[in-house]
Amino acid sequence: MIRLEHVSRLYAVGDQVVHALDDVNLVIEPGEYLSVMGPSGSGKSTLLHLLGLLDRPDRGRYLFHGEDTARLDDRHLARLRRRHIGFVFQFFHLVPRLSAAGNVELPMMLDGWPLPRRRARVRRLLEAVGLADRARHRPDQLSGGQRQRVAIARALALDPELVLADEPTGNLDQAAGHEILDLLEAVVAQGRTLVLVTHDPELGHRAPRRLQMRDGRLFESPGGVG
Amino acid sequence: MSWLDTLRLALGSLRFTPVRTALTVLAMAIGVAAVLLLTALGEGARAYVVREFASLGTHLLFVLPGHAHTRGLSLATGLVSSVRPLTLDDAAALKGLPAVAAVAPIVVGSAQVRAGGIGRDSVVLGSTAELRTVRHWRMQRGRFLDPGDWHRARAQCVLGPTVARALFGNARAVGKRVRIGDRRFRVVGILASVGRTFGFDNGELVIVPVAAAQALFDREGLFRILVAARNEATLASARRSVRRVLLRRHRGHEDFTLLTQGALLATFERILRALTLAVATIAAVSLGVAGVLIMNVQLIGVARRVPEIGLLRALGATRGQVLGLFLCESGLLSLGGALAGVAAGMLGAGLLGAMLPALAPLHAPAWAGLAAPALAVGTGLLFGLLPARRAAALDPVRALERR
Ligand SMILES: Nc1ncnc2c1ncn2[C@@H]1O[C@H](COP(=O)(O)OP(=O)(O)OP(=O)(O)O)[C@@H](O)[C@H]1O
Ligand SMILES: [Mg+2]
């Protein structure tokens, strides 16, 4: 499904060049569950943004379903993000003025769904994350764990095949963190692909395939599935 | 994304900052209302002038003795040939012309009018029965001067309402005798007041037959001749034929002046239209100011909502959708301002009309009613373009990382 070939992402800081990603090669098959760990600044978020088509490599190729993403324009990339990829962020990134339901509805709005169909889907998604009774609450009326559950419901709105989670439990206590991870792992059970960036080794080790990053380089951890 | 959803999202974010939204809408509304009010005033003034002229008769021709253009020459030629006055026969000669509906010769002087021991200095107008037709005057009591031979100095007079009240109070005036100068006249009628037109009031008038006035003031020449054309269309041909007849009678000397009401009116209208346009343009500048305000407000909005923009992109919004969303907000702000401004402008014009009854009914001309809101929405969108493009151009990764 995903193939990175000699991908580098460079940032010029002053007269120095930072290799946020340095010659990364990676193949991800449908239905895989990967965790990405590594020290701060090692390039985990950069990798995830790249996989999520929010960023482009400076060198190398990124093939999505065999197609070179460098050749796709903004509209194509946006459609791929919308329909094939779901993001979950450390800081939830909910729109503060919209209710839980409104936030979950956003991807469907962007995709042009008619209102009744959106309503029905929002209800099912919020039920699935256990927040059916919080649909009208705004983000500031929800706990951290609840906010992240709304974000997960939103990420799954258009039934994506790839879910990218950047430290989704980083801002939550342990109990809430485990709940969130349970939800995300349920996603994998439904046949989706999950890439989970985390600092927590305990959570990271729940993934069958574990990646390690250091200074922009990507290593397959021993014990990972080949 | 459907346009309805774009609208819904844009409205939602405008509602989230109610004070900022209200102030921006207010600024735009003030601009639009100012344009409407000022054009309404200008238009009201124009309509007022037109109405006043109309009350004087729109297809009227004035014949004045002497020629404006020969004034410089007359110094040199004045010794050789003096300016011939307009005579009653000159006026009578115009009566039969095909394009002419009525001719009224006028002699003016002032004299004391006395009745029952009360005296009053009045403007005495010598004219004929036709004057009433030409001036569209109505009678309060009695009748106007009798028609008939212009050369007959009948001892009858018509009083303006103010004079009549001053001399006779509430007593019946028609049928009574008055002295004008050293002559005696019988009052045959009292004019109905027409109010003031250009500062002229018919209430103070005393009207006598033209021949009587000539005798009273010992004056042959006419002050002027009023000629009413049959309608506006025949005014030009009436003017031509009047000029031809008078030239012939004056042996080819153009020692008279022809003025038409229309020429005066057109000049006034041109000036007032130009004024209205100038004032409206100045007011329209405030629309530009409101546009800049919208731009500022939206730039602030974009800066504050950077993470939201990044999120939208991550959720699969195209640059175009982000652009559309912010442009829609600017459009809504200016549209709100335009609608509020039109409402305020119409209300304001109504109030102003109540305060200035001379200009009532006051309302902005249709072109201003359409152009002002259109211009408001146009500037709103134009100035909204910069912030919207800035939002659309944001790098989604950077945007997401800002909190
Ligand atoms: N816009 C940028 N300009 C310059 N350097 C950048 C920029 N974005 C990221 N970097 C650099 O790229 C490297 C990788 O950053 P990245 O955010 O991917 O790290 P990370 O592994 O996600 O760290 P963390 O665990 O703290 O989130 C860092 O050294 C960072 O300083
Ligand atoms: Mg990171």
Side-chain angles (χ1 to χ4, degrees), chain A residues 9 11 20 45-56 72-99 102-115 118 138-139 151 154-158 160 164 166 171, chain B residues 1-21 297-298 300-329 332 388-403:
Chain A
R9 183 73 174 92
Y11 286 109
S45 294
T46 308
L47 175 68
L48 222 59
H49 290 145
L50 217 108
L51 290 175
L53 296 169
L54 283 171
D55 204 358
R56 290 175 188 268
L72 301 175
D73 63 9
D74 175 57
R75 286 166 58 92
H76 274 95
L77 292 174
R79 196 170 61 221
L80 285 179
R81 281 201 297 275
R82 204 157 64 223
R83 297 193 176 160
H84 298 267
I85 300 169
F87 280 98
V88 180
F89 304 96
Q90 178 180 357
F91 295 99
F92 322 127
H93 272 295
L94 300 179
V95 179
R97 65 172 181 277
L98 296 179
S99 66
N103 270 284
V104 175
E105 197 183 0
L106 269 179
M108 294 174 255
M109 255 191 181
L110 292 172
D111 205 46
W113 289 32
L115 197 60
R118 292 201 308 246
R138 279 205 318 269
R154 182 180 63 191
L156 299 179
L158 295 192
L164 304 171
D166 195 350
N171 256 23
Chain B
M1 187 160 52
S2 77
W3 63 269
L4 206 68
D5 286 330
T6 307
L7 204 68
R8 202 173 279 144
L9 278 181
L11 267 176
S13 80
L14 291 179
R15 283 220 319 257
F16 197 62
T17 52
V19 175
R20 210 190 315 163
T21 299
V297 160
Q298 285 299 92
I300 294 168
V302 169
R304 287 168 62 121
R305 283 155 65 192
V306 163
E308 179 189 328
I309 295 162
L311 171 81
L312 285 173
R313 299 292 306 281
L315 294 181
T318 62
R319 286 182 200 282
Q321 284 175 326
V322 173
L323 185 95
L325 195 59
F326 280 86
L327 214 51
C328 185
E329 288 181 18
L332 282 174
R389 287 172 66 132
R390 181 169 290 185
L394 278 177
D395 173 10
V397 173
R398 297 274 198 94
L400 278 169
E401 280 168 355
R402 270 264 301 275
R403 274 181 305 276

#### Entry: Beyond-backbone contact of A:F87 with A:L54, side-chain heavy atoms, under 4.5 angstrom
yes
### Query
Salt-bridged, A:E105 to B:R8, with N to O below 4.0 Å?
no
#### Entry: side-chain contact (heavy atoms from CB on, under 4.5 Å) between B:L325 and B:C328, intermediate numbers included
CA-CA 5 Å; B:L325 195 59; B:C328 185; 5.5 Å; no
#### Entry: salt bridge (Lys or Arg N to Asp or Glu O under 4.0 Å) partners for B:R390, two or more places apart
none
### Query
Given that the side chain runs from C-beta out, which part of A:L77 has a heavy atom under 4.5 Å from chain B: side chain, backbone, both or neither?
neither
### Task
Check each atom of A:R56 against the heavy atoms of chain B and say whether the ones under 4.5 Å are side chain, backbone, both or neither.
neither
### Query
Under 4.5 Å between any side-chain heavy atoms of A:H49 and B:E401, yes or no?
yes
### Heavy-atom pair count under 4.5 Å with chain B, highest-scoring of A:R97, A:R82, A:Q90
A:R97
### Query
What residue in B:T6, B:L4, B:L315 has the most heavy-atom pairs under 4.5 Å with chain A?
B:L315
### Message
Counting neighbours of CZ on A:R75 that are heavy atoms of other residues, nucleotides or ligands and sit closer than 6.0 Å, is the number greater than 12?
### Response
no
#### Entry: Under 4.5 Å from a heavy atom of chain A, the part of B:R305 involved
side chain
### Query
Using non-hydrogen atoms only, which part of A:R154 is less than 4.5 Å away from chain B: side chain, backbone, both, or neither?
side chain
### Task
Specify which of B:D395, B:D5, B:L9 makes the most heavy-atom pairs with chain A at under 4.5 Å.
B:D5
